[in-house]
Each structure stands twice: as structure tokens, then as C-alpha cells.
2 protein chains.
Amino acid sequence: MTLNELKAIQLAELFSALSDVNRVRIISTLIEKEMNVSDLAEKTQMSESAVSHQLRGLRQMRLIRGRKSGRQVFYSLDDDHVKKLYLMGLDHVKHG
Amino acid sequence: MTLNELKAIQLAELFSALSDVNRVRIISTLIEKEMNVSDLAEKTQMSESAVSHQLRGLRQMRLIRGRKSGRQVFYSLDDDHVKKLYLMGLDHVKHG
DNA sequence: TGAATATATGAACAAGTATTCATATATTAC
DNA sequence: GTAATATATGAATACTTGTTCATATATTCA
């Protein structure tokens, strides 16, 4: 069973979404609890614009989702799958 | 428990190693069986040089390891962890 | 030893990606 | 309505990464 081309591309895109330190920090933060953009920016030491750009990519990959509340948007992980992937990667890093 | 800086970087590097279509194809191939560079090149439709460069990165990230036999080097996944990570990603892509 | 083969590597270029800055949209409060 | 705040986005620049080409190393065989 060789991997078909589309799946290979999607898989690379998925891992690509987690391949940046700032996005890892964002995911790491969102594992603990949902958070709005400006708090994320403060917590991750990034500009709000940079955070927003990264969130967009994560949203497009369906790794996170936003919940609008007034003029704020609270982001959280899209599903447990993402958390598992992240934790498995972390495990590899720790015991690798 | 906030992720420390080093872990965040390592984690991003790990996912980064899997974030390219050609590397995904290589890993996908190596999940089935170990393979030498030129066969990998043929199977993945890449030049041997390109394969070798990619293998280097995967080796450095300890995702694969090489077994030298004469003038050939047979590559295989470094441990089961990698396979799990790959399969979990694939699962996300399939059912996402 | 020298020729042939398998793999590895350095440097240069090309392609992709992240960040910044300026600006836009959306919501709330007045 | 206007002002203030939160987030989003486009364009430009800077940075990173992958591929190619040329060359180097290592191994086998004659």
C-alpha cells in the first residue's frame, strides 16, 4: 500500500502546520485552555498581527477553531487528535 | 506546565522533518521495508542526491537510521515511535 | 593499483514561508 | 452617528529550506 500523492501532500501540510516554534507555542498554550488573540500574543511573546497570521494557518489546517465572543475570538484545539499528535511528538523529543 | 523553549524548538524541528512531501514519501516507503538510497530514489521519483540530502536531515532528527552493507546503505525507521507519529498524522488526514 | 559504483556533501540558486507595517473589518460603548 | 478596541489581512521584505550540479569519499572488483 503505497501512499497516494494527495495523502502525501496533505500529510506534509499537516506536519508543516506544526513545524514552526511559534505555532508550537500557540498549540502548547491552547492545550491548557482556550485563549483570545491578544492573550496568546502576550503569552507567546509575539505581535498580535503575527499571532493572527499563524492562527489563520492553523485554522485552515483545522487544528484549531475560533469561538467569537463580542469583539474577541477565543481559540482552542479543534479536536483531541491534535492534542495526541502534539503529545506524541513531545514524548519523542523527551525520550528520543 | 508551559513548554520550555528548548522543547518547543525540538518539537518544531521534529514536525519540520515530516513537513515535506518528499520526506513523507521516504518515510512511507521505509515503513514497508528498509531500502537503499538508489532504490529509494527510484521509488520516490527523486534524484539520488536529493534523497541523500533528505536522508541526512531525517538521520539527524533520529527518525531513520542507516545500516551499511558493502557500498550500499540501507535505511529504516529508527523506532516505532516514528511509525506511530506518521500513522496518527495519516489518520487525521483521512478522517479530518 | 585503477575503474566502477553507491552514497554524501558544499555551494548556488530557486522556491516557499514568516514577520512587519499599514490598513481594513467588526463589535461595543458612548 | 463617532471613538475605541480586538482581530484580520495584503503587500513587501527578510529568512529559511529544497533542489541541482559538481565534486568528494568509500567500497568493491579486476
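Every heavy atom of this structure was used, including side-chain atoms; hydrogens, water molecules and symmetry mates were not. Per chain, numbering begins at 1; letters A, B, ... match sequence-line order.
Side chain A/S49 to base C/dC21: a donor-acceptor pair is found below 3.5 Å.
Along DNA chain C, the nucleotide nearest to B/R59 and the one nearest to A/D20 differ in position, and the one closer to the 5' end is contacted by B/R59. For A/R71 and B/E48, each mapped to the nucleotide of DNA chain C holding its nearest heavy atom, the one lying further toward the 5' end belongs to B/E48.
Where stacking is scored as ring centres under 5.5 Å apart with planes under 30°, A/H53 does not register as stacked on the base of C/dT19.
With contacts defined as side-chain heavy-atom distances shorter than 4.5 Å, the pair B/L14/A/F15 does not qualify.
Following rounding to the nearest Å, A/N22 (CG) and D/dC15 (P) show an atom-to-atom distance of 15 Å. Atom CD in B/E34 sits roughly 12 Å away from atom P in C/dT7 (whole-Å rounding). The distance between atom CZ of B/F74 and atom P of C/dA8, rounded to the nearest whole Å, is 12 Å. Rounding to whole angstrom units, CZ of residue A/R25 and C1' of C/dT19 are separated by 14 Å. The interatomic distance linking A/R56 (CZ) with D/dA11 (P) rounds to 11 Å, in whole Å. Taking atom CD on A/Q45 and atom P on C/dT20, their separation rounds to 12 Å, with Å as the unit. In this structure, A/F15 atom CZ and C/dG16 atom C1' are separated by 20 Å, rounded to whole Å. Atoms CD (B/Q54) and P (D/dT20) sit 10 Å apart, rounded to a whole Å.
Within the 4.0 Å cut-off from OP1 or OP2 of C/dA6, not a single side-chain nitrogen or oxygen of B/S38 is found. Contact check, B/Y75 against C/dA8: a side-chain N or O comes under 4.0 Å of OP1 or OP2. Between C/dA26 and A/K68, no contact under 4.0 Å exists linking OP1 or OP2 to a side-chain N or O.
As judged by a 4.0 angstrom heavy-atom cut-off over every strand, A/S16 is placed among residues making no nucleic acid contact.
Ring geometry for B/H92 versus A/H81: interplanar angle over 60°, hence perpendicular rather than tilted (30 to 60°).
Counting non-hydrogen atoms of neighbouring residues, nucleotides and ligands closer than 6.0 angstrom, the NZ atom of A/K83 reaches no more than 12 such neighbours.
With D/dT20, C/dA8, C/dT19 as the choices, the nucleotide that has an atom nearest any side-chain atom of B/S52 turns out to be C/dA8.
Taken to the nearest 0.5 Å, the CD1 atom of A/I27 stands 12.0 Å off from the CG atom of A/N22.
When atom types are taken as modelled, the side chain of A/S52 and the backbone of A/E48 share no donor-acceptor pair closer than 3.5 angstrom.
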